[in-house]
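Bear in mind the structure is a predicted one, so any value in this text is a computation, not a measurement.
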Amino acid sequence: MAQLINTIEDLKKHIVVSASFDFKKVLPYTKRAERKYIISLIGREQYDSIIIHPYDEDSDAPINLVKLLIAEAAAHFSLLLALPVINLQITNHGLKTTENKDASPADWKDVRDLKRSLIETANEALDSAFEIMEENTADFSEWVASDHYTIFKEGIVRHTKTFNDLFNIGNSRKTFLALKPYMTEVEERFILTMLGQCTLDFLKTSSTDSVVLRSQKLLQMAVVSFTISKAAVAGTFSVTQSSLVVSSEELPWERNKMELDEAKLERLRKDRENSGNEYLKKLKKIIVDNPTIFVCYEDKTEVGLANKIQKLKTGLAL
């Protein structure tokens, strides 16, 4: 049984519905919404811990705020999942629609706008909840101890907000999750090869040193750039000039002329790849110029052809 949205009163705390609204048509979807959109992200143990926490509307304790936010997300996701069948009756004689003679069915554009609003509000609530959890990890020990958190703490770009500040993903946790495999590949292919494991681990640790902080920022900028470069041509994201989100988050009719065509996607890929390389060049210069800080860094750059050429009286030779 769902434990966040169980009654019409629970739903009405977050969504305005009519006095005659039949909550029984939403109830079957509340459990699915909590399982699909909340438990899958924070884990069953953390979910149970939040559920048993007594909500106090006058408290600004992190777990209290998070409980309210995930309940808001669950309410909106529940209604979103229920919308296709709210005005249907499943009978022995097939599907029937239910209509009130005093009311007319909503225009398809109104339905579109409602679905968009439900998705956006639910995602905003979840993202706000995760921001609180990420800033107060001591209050969410079950989540921190789970695999759901481990995959982020080991990365260079660990938070949705960090990624979003460098490239717009609508501050969407779902998009951030979808990008995680690309970030892991970027780290393995580009970052680890250049820095080595020791220096990479050092740059993943907390620091107050201005040189290290600048290096960490450049590293994050490189990872985000390379990640966008790879994701832009992956086919699973909706990409415009200014943003990238998981395609499934966009309603089918949302895919319009704002999306980039193949030629523009290729230009975006090259642009972000070039930016990533430039950030890494700047990072390497800082590391090489500060050997007392980056004590385990080894410059593995091969000697270039120009350095191998010897100038002889008879001409140039290797």
Side-chain angles (χ1 to χ4, degrees), residues 1-42 47 50-60 63-130 132 170-174 245-256:
M1 179 179 180
Q3 298 188 61
L4 288 167
I5 307 299
N6 295 297
T7 66
I8 183 66
E9 288 74 23
D10 292 334
L11 187 69
K12 285 183 175 181
K13 289 177 183 177
H14 308 285
I15 302 175
V16 177
V17 296
S18 68
S20 60
F21 182 75
D22 186 1
F23 179 70
K24 293 192 294 294
K25 291 195 172 184
V26 174
L27 187 58
Y29 297 93
T30 58
K31 181 178 180 179
R32 180 186 171 199
E34 293 181 25
R35 181 182 68 248
K36 180 178 181 180
Y37 295 106
I38 297 171
I39 298 174
S40 65
L41 296 181
I42 66 176
Y47 169 81
I50 292 173
I51 291 299
I52 63 174
H53 172 75
Y55 176 71
D56 180 358
E57 63 181 12
D58 296 322
S59 170
D60 59 356
I63 193 169
N64 204 61
L65 299 176
V66 167
K67 182 168 186 175
L68 178 63
L69 286 166
I70 65 172
E72 179 182 346
H76 286 79
F77 278 130
S78 297
L79 185 56
L80 177 69
L81 294 175
L83 276 181
V85 299
I86 278 180
N87 68 332
L88 296 178
Q89 288 184 344
I90 303 174
T91 72
N92 293 333
H93 305 289
L95 298 179
K96 307 293 183 180
T97 59
T98 56
E99 293 185 11
N100 186 328
K101 62 182 179 180
D102 297 324
S104 58
D107 184 86
W108 70 269
K109 289 182 290 185
D110 296 326
V111 176
R112 174 199 63 189
D113 292 342
L114 174 59
K115 288 185 176 180
R116 182 196 293 120
S117 176
L118 292 171
I119 290 174
E120 289 179 351
T121 304
N123 281 328
E124 285 175 6
L126 272 185
D127 291 333
S128 295
F130 275 109
I132 295 172
N171 207 31
S172 168
R173 185 74 174 188
K174 185 176 181 181
V245 296
V246 177
S247 293
S248 60
E249 286 199 344
E250 296 294 312
L251 302 175
W253 49 80
E254 299 271 89
R255 299 175 187 176
N256 53 37

Is any side-chain heavy atom of [Y] closer than 4.5 Å to one of [X]?
X     : Y      : value
Tyr37 : Ile70  : no
Asn64 : Tyr55  : yes
Ile38 : Leu126 : yes
Phe77 : Asn123 : yes
Phe21 : Ile15  : no
Thr30 : Leu4   : no

In Å and rounded to the nearest 0.5 Å, what is the [atom1] to [atom2] distance from [X] to [Y]?
X      : Y      : atom1 : atom2 : answer
Ile132 : Ile63  : CD1   : CD1   : 11.5 Å
Leu81  : Lys31  : CG    : NZ    : 14.5 Å
Leu114 : Ile119 : CG    : CD1   : 10.0 Å
Ile39  : Ile51  : CD1   : CD1   : 8.0 Å
Ser78  : His14  : OG    : NE2   : 10.0 Å
Asn6   : Leu27  : CG    : CG    : 7.5 Å

For [X] and [Y], work out which heavy atoms get closest and say how close.
X      : Y     : value
Ala122 : Ala73 : O-CB, 3.6 Å
Ile5   : Glu34 : N-OE2, 3.2 Å
Lys67  : Ile50 : CD-O, 3.4 Å
Pro84  : Leu80 : CD-O, 3.7 Å

Would you check, one step at a time, whether the test side chain to side chain contact (heavy atoms under 4.5 Å, CB included) holds for Leu69 with Phe130? CA-CA 9 Å; Leu69 286 166; Phe130 275 109; over 6 Å; no
With no hydrogens and no angle check, is any side-chain donor or acceptor of Ser117 less than 3.5 Å from a backbone partner on Asp113? no
